[in-house]
Structure formats: structure tokens, C-alpha cells
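Note sheet for the following structure.
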Amino acid sequence: MSELGLILLGALLVNNFVLAQFLGLCPFLGITRNYETAYATGLATAFVLTFSSVCAHIIYHSALVPLELEYLKIIIFIVIIAGLVQLIDFVIKTSSPLLHQILGIYLPLITSNCAVLGVTLIATNQNLSLLETFTFSTGAALGFSLVMTLFGALREQIIQNQVPFPFRGTPITLISAGIMSLAFMGFRGINS
């Protein structure tokens with residue numbers, strides 16, 4: 001398998017940022033009550049995650065490194081992420097007001113999603129090329145969207161079933177998340 005394929009597969013499944021590195025747990029547990037919201041949030045976050053990493057890579061290597069301002073990277077990356085979230089917010093508000101209403105407060109919270117900033121910082125710290133950064137962030141974004149969508153569908157099924165009283169609500173959600181995380185750990189043997 002090519003190096004880019006390994007980077008994509010690693011970020012998508014093997015080192016999934018939600019289930020293996022535990023980044024982005026707030027939207028994972030807060031938004032996934034139903035499939036549609038989880039899917040929409042996953043796509044919006046995927047867009048921001050991918051393009052913020054690419055924009056951050058370009059700005060970091062073309063401006064911050066030559067000017068020896070690397071210490072400003074976190075502040076600059078947050079500004080990039082916030083700008084992309086505002087763009088997504090505007091696009092969703094104008095194209096689908098119902099979806100904008102459903103996402104509510106969670107859409108602006110993408111700005112503070114630790115998975116978005118985490119992927120951007122990890123890509124920068126690994127000194128990946130622009131193409132590798134794009135591949136890495138795309139894999140992370142697809143992995144985030146996949147996990148959000150799967151967990152949203154799983155939670156819909158849990159709500160429709162008879163769960164014993166002590167396990168209703170948060171306990172069954174956390175147990176399900178743990179089992180899903182264990183299932184994704186099975187992908188660790190792919191590179192062997």
C-alpha cells in the first residue's frame with residue numbers, strides 16, 4: 001500500500017481521533033442522539049477539519065516559519081478554524097434553515113472541537129507535506145464523520161429498544177461507545 005494510502009487508512013480507522021485518541025468526544029456524545037443530526041454535524045466538522053488543516057499548513061510554512069513566528073501557531077490555527085466555521089454557518093443558514101436550526105448551538109461549537117485543532121497541530125508537528133496533510137486530515141475527517149454517523153444510528157436503535165432501567169441514558173451510551181471503541185481497535189492489526 002502506498003504511503004498516502006497508509007496515512008489515509010491510519011487516520012480513518014487505525015488511529016481514529018474519536019475512538020482511539022479520544023478527541024472530539026463532546027459532539028460525539030452530545031449530538032449523536034439521532035442519525036440525521038450526527039451525519040450533518042459529521043459532514044460540517046469534516047469540511048472544517050480538512051480545510052483548516054490545509055490552510056494552517058500553508059500559512060504555517062509560508063508565513064510563520066519564514067518569519068520565525070512558530071509560537072503563534074495555536075492562535076493562528078484557532079482563527080483559521082473560527083473563520084471556516086463562520087463560513088459553514090453562513091452556508092448552512094442560507095441553504096438549509098431547518099438544518100441550521102437542528103444543529104443549533106453545536107455548529108458554532110465546531111470552533112472549539114478539540115479534534116479539529118488536534119488534527120491541525122498533529123499534521124503540523126509531524127512535518128507532513130501539503131499532500132500528506134490533506135490526506136491525513138481527510139482521513140481524520142472521514143473517520144470522524146463515520147463514527148458520528150454510526151453512533152447516531154446506534155443511539156437511535158438503543159432508544160427504540162427496551163434497555164434495563166439502570167442502564168438507560170448515559171450508562172448505555174458510554175457502554176456502547178466503549179464497545180464501538182473496542183471494535184475499532186481491531187483495525188490496529190491492519191498494518192501488520
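In this chain, numbering begins with 1 at the start of the sequence shown.
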* Starting from the C-alpha separation in whole Å, work towards a yes-or-no answer on side chain to side chain contact (heavy atoms under 4.5 Å, CB included) for L23 and V18. => CA-CA 5 Å; L23 293 174; V18 178; over 6 Å; no
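- Nearest heavy atoms, E156 versus N34: OE2-CB, 3.2 Å.
- Residues P66 and Y60 share a closest heavy-atom pair of CD-O, 4.3 Å.
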* Asked: Going through the checks in order, is the side chain to side chain contact (heavy atoms under 4.5 Å, CB included) test met by L29 and T170?
  -> CA-CA 9 Å; L29 294 173; T170 304; over 6 Å; no
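- Here CD1 of I159 is found 11.5 Å from CD1 of I172. Values are rounded to the nearest 0.5 Å.
- A donor-acceptor contact shorter than 3.5 Å is absent between the side chain of T41 and the backbone of A38.
- Relative orientation of the Y39 and Y35 rings is parallel, given thresholds of 30° and 60° on the angle between their planes.
- Residues L64 and K73 share a closest heavy-atom pair of CD1-CA, 3.9 Å.
- Crowding of L87 atom CG: a count of heavy atoms from other residues, nucleotides or ligands under 6.0 Å exceeding 12.
- Taking the six-membered ring for Trp and the full ring otherwise, F151 and F28 have centroids separated by under 6.0 Å.
- Using a 4.5 Å cut-off on side-chain heavy atoms (C-beta onward), H100 and D89 make contact.
- Between R155 and R33, the closest heavy-atom pair is NH2-CG, 3.7 Å.
- Taking the six-membered ring for Trp, F22 and F184 have ring centres at least 6.0 Å apart.
- Within the hydrophobic cluster formed by Ile, Leu, Val, Met, Phe, Trp and Tyr side chains joined at under 4.5 Å, directly or through other members, V54 is accompanied by I58, L130, F134.
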